[in-house]
Amino acid sequence: MTEEDMPGEKDGRSAIPPQAKQVDHHRLTHGDDVPDPYEWMRDKKSPDLQAFVAAQNAFCERRMAPLATLRRTLFGELKSRIQETDMSVPTRMDGYWYFARTREGRQYGVQCRLPVRDADDWDPPRVDAHDEPGSMPGEEIVFDANAEAEGHGFFRLGGLDLSRDGRWMLFGVDTTGNERYDFRIRDLSTGRQLPDRIDGISSACLTPDGRWVFYVRLDDAWRPYAVVRHRVGDVAGNDVEVFHESDERFWVGVGLSFDERQVVISTSSKTSSEVLLLPLETPEGTFHPFIERQENVEYDVSFTRFEGAGERGADLPIAVVYHNARNPNFEIDVIDMQEHQAPYRLGEGVVVAQGSPNGCEAGDLVQPGSSKLPVSLPDENPDNPTVLRGARGLGIEGMACYRHFAVLMYRAEGLPHLAVMTAGQAARDFKAGRPWGFREVVPPTALRGVDHRLYAIGSGGNPSYEAPRLRYSFTSYTHPGELRELDAATGVDRLLKRARVLGGYDMDEYDERRVWVTARDGERIPVSLVWRRDALPWVSGLPDELDVRTGRGSAGIEDRPSGADGSGGADGSEGAAGSGGSNGGGAPMFITGYGAYEISSDPGFSPARVSMLDRGVLYVVAHIRGGGEMGRVWYEQGRRLAKRHSFEDFVDVTIALQDAGYADVSRTVANGGSAGGLLMGAVANMAPERYAGIEADVPFVDALTSILDPSLPLTITEWDEWGDPLHDERVYRYMRSYSPYENAPSAAHPVAHFPKIFATTSMNDTRVLYVEPLKWIARLQSAGVDAVAKIETEAGHGGTSGRYRQWEEVSYENAWCLHVMGVDDGKVRNRVHRHVR
């Protein structure tokens, strides 16, 4: 390995990373003896560990010091694009309009409110964003996080709940980053804080009358496991546990039903869930399940009503049940609560929408043979609303019924969708037993220039059942976020707010598109591309389909852009991936992915990303299996004994773009965090020649050690995701084959080429313990890998708190990435046009 092309270390002496001591330790499982000389780092209080952390941070600062100017430049660029003094669109809840203000120079937002004018006041008040918080007539400051954060290096609000009359406020804060919140109750009419203390918990809710708090306790493994009832004004010693989850796979939450008539306990594993209810008129009563839990069945329920749709004009109370008992991609049933009585069952009522079973493990239960069908096959279920027919990769994500409208959330073609209809039409369709007449919500802005429908849309800001119009959000990779309001009856769609991007940003100078890469096993992987048009004009010539197996769709190169001939970075350095499989050429590429927990990586605007695009970087998101982009099948094919698909998909997308000549192998940097950090560690081992650098944020790189130890936080709950290697040798051997730490280079097993590594972690992270990335970095450094780690001592899994500190953090990370890509001179690269065949 070489270090002369990395910043800072001209004489070579301070370039040597701190060497971690090695202590003889072995992990013996299923007859497999694995030496682990860095396991001693698990002792957080060890003086040796504290010294090692300090030495690593000092080493990182030395290595990054020559990039200080670039970091400042990136931070300045990011800051210049953001409207620092701003405010959110007011949202009505009960008798107030609530909104958040941000002020230039202040780390946190300020929550404020104004009283509504009357019962029919549904148009948000006009508020000048530049006014001081609390300066408008009638404006109250509800919560000023800047004042609350004074004296703390880290601060995060963990919940804020209000009584219906707006007087009592329950709030929780975390000042260490360990995601244990301390809750207090405040009288907003006087500012007086009650003596009630509920410390070190997961979450809490306040009943609308302000008399009771229901909160969730955490066990020693950081698992939310029990719900407790607290009478406001009483001592904590009199609190009563009302629910205890003994199954260690399950996490517990508590809140209010949408109609605010019941306290709701939700308890769920990765694959099963249950909802328990308690009427608010009997807060000291007993919780009962809406439907008893079933193994490998997930469900949720909300309660609402169709106004005037019942007998003789009475309201028709309904339950909206979302579940996968009969369809792996979920269905929505609506139950007439007058016609049906408890106990209820899943599948009861009228089916409103169903996902596609194609490709899913349990698909044959819906339609024989569908498990073998490709996920890309259009769904033609005649019982579905017309808007869903023909959708590919159809997954149902939920439905909400309000007084004036109903909104359906679903996924298709790897992207989120919304559909809406009036509540009156929904009631008529429900009573007639016919498919509901939803129509897709298409933002007017999306009709102007957003290519290939590459945008994200979602229902948001609709807390009130009485709201006459649907609020929804819309954004893309190049289009700043918008909050819009749609009248379902008239079709009138108006813009409430568009995020303002300063600094001369013009979205027409950038482009984005979706392509599909056929991976090694024949599955088509959706890929999002983003670039600056004048910097990379030839990217628009990329075929819609690429096949990593055959090279189909690859294009020849005639006029290569300067600096993209395989010679390495702009500074003439060779780059860590100089011997990769590509024949050189193409743009510097930043490729990112996640691929776990059925979480989708949907389009979204980032002002920090603009600095990369302006420097000629091709920004790529690989929507790999393990996520939820294409519905449940996407998740099933990227977890447990199919987890390697996630890593192979990411590598195949990388190879396809490099071998097609659109990305330079010697200037490709990959990025992922948490479970996406596991992805980074795995692809570094699997295809080191394809990446010049890898940024791994809070990476889950010692996965097997963690998942083998049920005493560690979150381990047992994770067995549904990864499998149980402690009791199943087949799972152990499979995880052993990809877990990054065990398979990484070491002093005993060095490699000729390996990407440069930049890792971040936090000593207070409770989701991915600090010990995982530290052991990984120590092992890599012992093998001569160019690896640095930035270790936060006051932060959590999500990094530092405070917006300016977060901007500094992302600028720090992006400076490293741009340097490795060889585009750290700060100049926008206007590329020569490249013709593609």
Original post:
Closest approach of Val407 and Leu418, non-hydrogen atoms and distance?
Top reply: CG2-CD2, 3.9 Å
Subject >> Arg469/Glu485 salt bridge by N-O under 4.0 Å criterion >> reply: yes
Original post:
Would you say the ring centroid of Phe405 lies under 6.0 angstrom from that of Tyr402?
Top reply: yes
**OP:** Would you check if Glu348 and Asp333 make a side-chain contact, meaning some heavy-atom pair closer than 4.5 Å?
**Re:** no
Original post:
Is any side-chain N of the basic residue among Arg249 and Glu295 closer than 4.0 Å to the acidic one's carboxylate O?
Top reply: yes
Original post:
Within the side chain of Tyr691, is there an N or O that forms a donor-acceptor pair under 3.5 Å with the backbone of Val669?
Top reply: no
Original post:
With the threshold set at 4.0 Å, does a side-chain nitrogen-carboxylate oxygen contact exist between Asp659 and Arg690?
Top reply: yes
Original post:
At their closest point, which heavy atom of Thr304 faces which heavy atom of Cys401, and how far apart are they?
Top reply: OG1-O, 3.2 Å
**OP:** Look only at the side chain of Asp379 and the backbone of Ala391, and say whether a donor-acceptor pair between them is shorter than 3.5 Å.
**Re:** no
**OP:** Grab the two heavy atoms, one from Tyr597 and one from Ala675, that are nearest each other, plus how far apart they are.
**Re:** CE1-CB, 3.9 Å
Subject >> Flag for Glu523-Thr518: side-chain donor and acceptor within less than 3.5 Å >> reply: no
Subject >> Sequence neighbours excluded - ring pair (Phe, Tyr, Trp, His ring centres under 6.0 Å) pairs with any residue from residues 358-394 >> reply: none
**OP:** State plainly whether the residues Asp720 and Arg640 are in salt-bridge range, i.e. N to O under 4.0 Å.
**Re:** yes
Subject >> Heavy-atom closest pair, residues Gln425 and Thr422 >> reply: N-OG1, 3.1 Å
Original post:
Going through the checks in order, is the ring pair (Phe, Tyr, Trp, His ring centres under 6.0 Å) test met by Tyr344 and Tyr299?
Top reply: CA-CA 12 Å; Tyr344 302 101; Tyr299 82 91; over 10 Å; no
Original post:
What is the minimum heavy-atom distance between Ala419 and Val387, and which atoms define it?
Top reply: CB-CG1, 4.2 Å
**OP:** Can you label the angle between the Tyr619 ring and the Phe590 ring as parallel, tilted or perpendicular, going by 30° and 60°?
**Re:** parallel
Subject >> Note: Lys372-Asp364 ion pair, threshold 4.0 Å (strictly below) >> reply: no
**OP:** Quick one: pull up OG in Ser371 and CG in Leu365 and give me the separation to the nearest 0.5 Å.
**Re:** 7.5 Å
**OP:** May I have the step-by-step check of side-chain contact (heavy atoms from CB on, under 4.5 Å) for Ile291 and Glu274, ending in yes or no?
**Re:** CA-CA 7 Å; Ile291 296 172; Glu274 184 178 32; over 6 Å; no
Original post:
Quick one: do Asp521 and Arg625 make a salt bridge, cutoff under 4.0 Å?
Top reply: yes
Original post:
Salt bridge between Glu413 and Arg514, side-chain N to carboxylate O under 4.0 Å?
Top reply: no
Subject >> Gap separating the OG atom of Ser737 from the CZ atom of Arg644, nearest 0.5 angstrom >> reply: 4.5 Å
Original post:
Under the salt bridge (Lys or Arg N to Asp or Glu O under 4.0 Å) criterion, do Asp547 and Arg524 qualify, and how do the steps go?
Top reply: CA-CA 9 Å; Asp547 193 330; Arg524 295 170 71 246; over 6 Å; no
**OP:** Please check if any side-chain donor atom of Gln658 sits under 3.5 Å from a side-chain acceptor atom of Thr668, or the reverse.
**Re:** yes
**OP:** Please assess Cys360 against Glu636 for the test side-chain contact (heavy atoms from CB on, under 4.5 Å), listing each intermediate value before the final yes or no.
**Re:** CA-CA 7 Å; Cys360 296; Glu636 292 174 344; 3.8 Å; yes
Subject >> Pair Arg471-Thr91, side-chain donor/acceptor within less than 3.5 Å >> reply: yes
Original post:
Taking all non-hydrogen atoms of both residues, which atom of Pro328 and which atom of Val366 are closest, and how far apart?
Top reply: CD-CG2, 3.8 Å
Subject >> Backbone of Gly638 reached by a side-chain donor or acceptor of Lys643 within 3.5 Å >> reply: yes
Original post:
How about Thr717 and Trp251: do any of their side-chain heavy atoms sit closer than 4.5 Å?
Top reply: yes
Original post:
How are the rings of Tyr505 and Phe605 set to each other: parallel, tilted or perpendicular (split at 30° and 60°)?
Top reply: perpendicular
**OP:** With the side chain counted from C-beta on, respond yes when Thr478 and Val530 share a heavy-atom pair under 4.5 Å apart, and no when they do not.
**Re:** yes
Original post:
Once you round to the nearest 0.5 Å, how far does CG of Leu542 lie from CG of Leu657?
Top reply: 6.5 Å
Subject >> Lys/Arg N to Asp/Glu carboxylate O, Glu598 vs Arg639, below 4.0 Å >> reply: no
Subject >> Distance, nearest 0.5 Å, that separates CG of Leu394 from CE of Met630 >> reply: 10.5 Å
Original post:
Any Lys/Arg nitrogen of Arg513 or Asp511 sitting under 4.0 Å from an Asp/Glu carboxylate oxygen of the other?
Top reply: no
Subject >> Distance-only side-chain donor-acceptor flag, Tyr455 / Thr475, under 3.5 Å >> reply: no
Subject >> Near-ring test Trp722/Phe700, centroid separation under 6.0 angstrom >> reply: yes
**OP:** Please round to the nearest 0.5 Å and tell me the distance separating atom CD1 of Ile694 and atom CE of Met680.
**Re:** 6.0 Å
Original post:
Any side-chain heavy-atom pair from Gln354 and Asp383 closer than 4.5 angstrom?
Top reply: yes
Original post:
Are Val420 and Leu486 close enough, and set up right, to give a side-chain contact (heavy atoms from CB on, under 4.5 Å), and what steps lead you there?
Top reply: CA-CA 9 Å; Val420 70; Leu486 173 66; 3.7 Å; yes
**OP:** Report yes or no: does Ser600 contribute a side-chain atom to a donor-acceptor pair with the main-chain N or O of Glu629 at less than 3.5 Å?
**Re:** yes
Subject >> pair Glu380-Pro378: side-chain heavy atoms closer than 4.5 Å >> reply: yes
Original post:
So, do Pro357 and Val633 sit near enough that their side-chain heavy atoms are less than 4.5 Å apart?
Top reply: no
Original post:
Can you list the steps and then say if Asp493 with Arg484 is a salt bridge (Lys or Arg N to Asp or Glu O under 4.0 Å)?
Top reply: CA-CA 7 Å; Asp493 188 316; Arg484 306 191 66 90; 2.7 Å; yes
Subject >> Full working for salt bridge (Lys or Arg N to Asp or Glu O under 4.0 Å) between Arg411 and Asp602 >> reply: CA-CA 11 Å; Arg411 299 195 70 83; Asp602 292 325; 2.7 Å; yes
Original post:
Are any of the side-chain heavy atoms of Tyr635 and Ile599 separated by less than 4.5 Å?
Top reply: no
Subject >> Ile525 and Asp652: CA distance, side-chain angles, deciding distance, side-chain contact (heavy atoms from CB on, under 4.5 Å) verdict >> reply: CA-CA 9 Å; Ile525 313 302; Asp652 289 350; over 6 Å; no
Subject >> Axial cation check for Phe474 ring with Arg498, 6.0 Å and 45° limits >> reply: no
**OP:** May I ask you to test the Leu408-Ile332 pair for a side-chain heavy-atom distance under 4.5 Å?
**Re:** yes
Original post:
Between Asn671 and Asp697, is any side-chain donor less than 3.5 angstrom from a side-chain acceptor?
Top reply: yes
Subject >> Side-chain ion pair, Glu298 and Arg632, N-O less than 4.0 Å >> reply: yes
**OP:** Indicate yes or no for a side-chain donor-acceptor contact from His323 to the backbone of Asp300 under 3.5 Å, with no hydrogens or angles considered.
**Re:** no
Original post:
Honestly, is Arg305 close enough over Phe303, meaning NZ or CZ under 6.0 Å from the six-membered ring centre and within 45° of the axis?
Top reply: no
Subject >> Side chains of Ser646 and Asp649, donor plus acceptor under 3.5 Å >> reply: no
Original post:
Using the benzene-type ring in the case of Trp, are the ring centres of Tyr410 and Phe438 under 6.0 Å apart?
Top reply: no
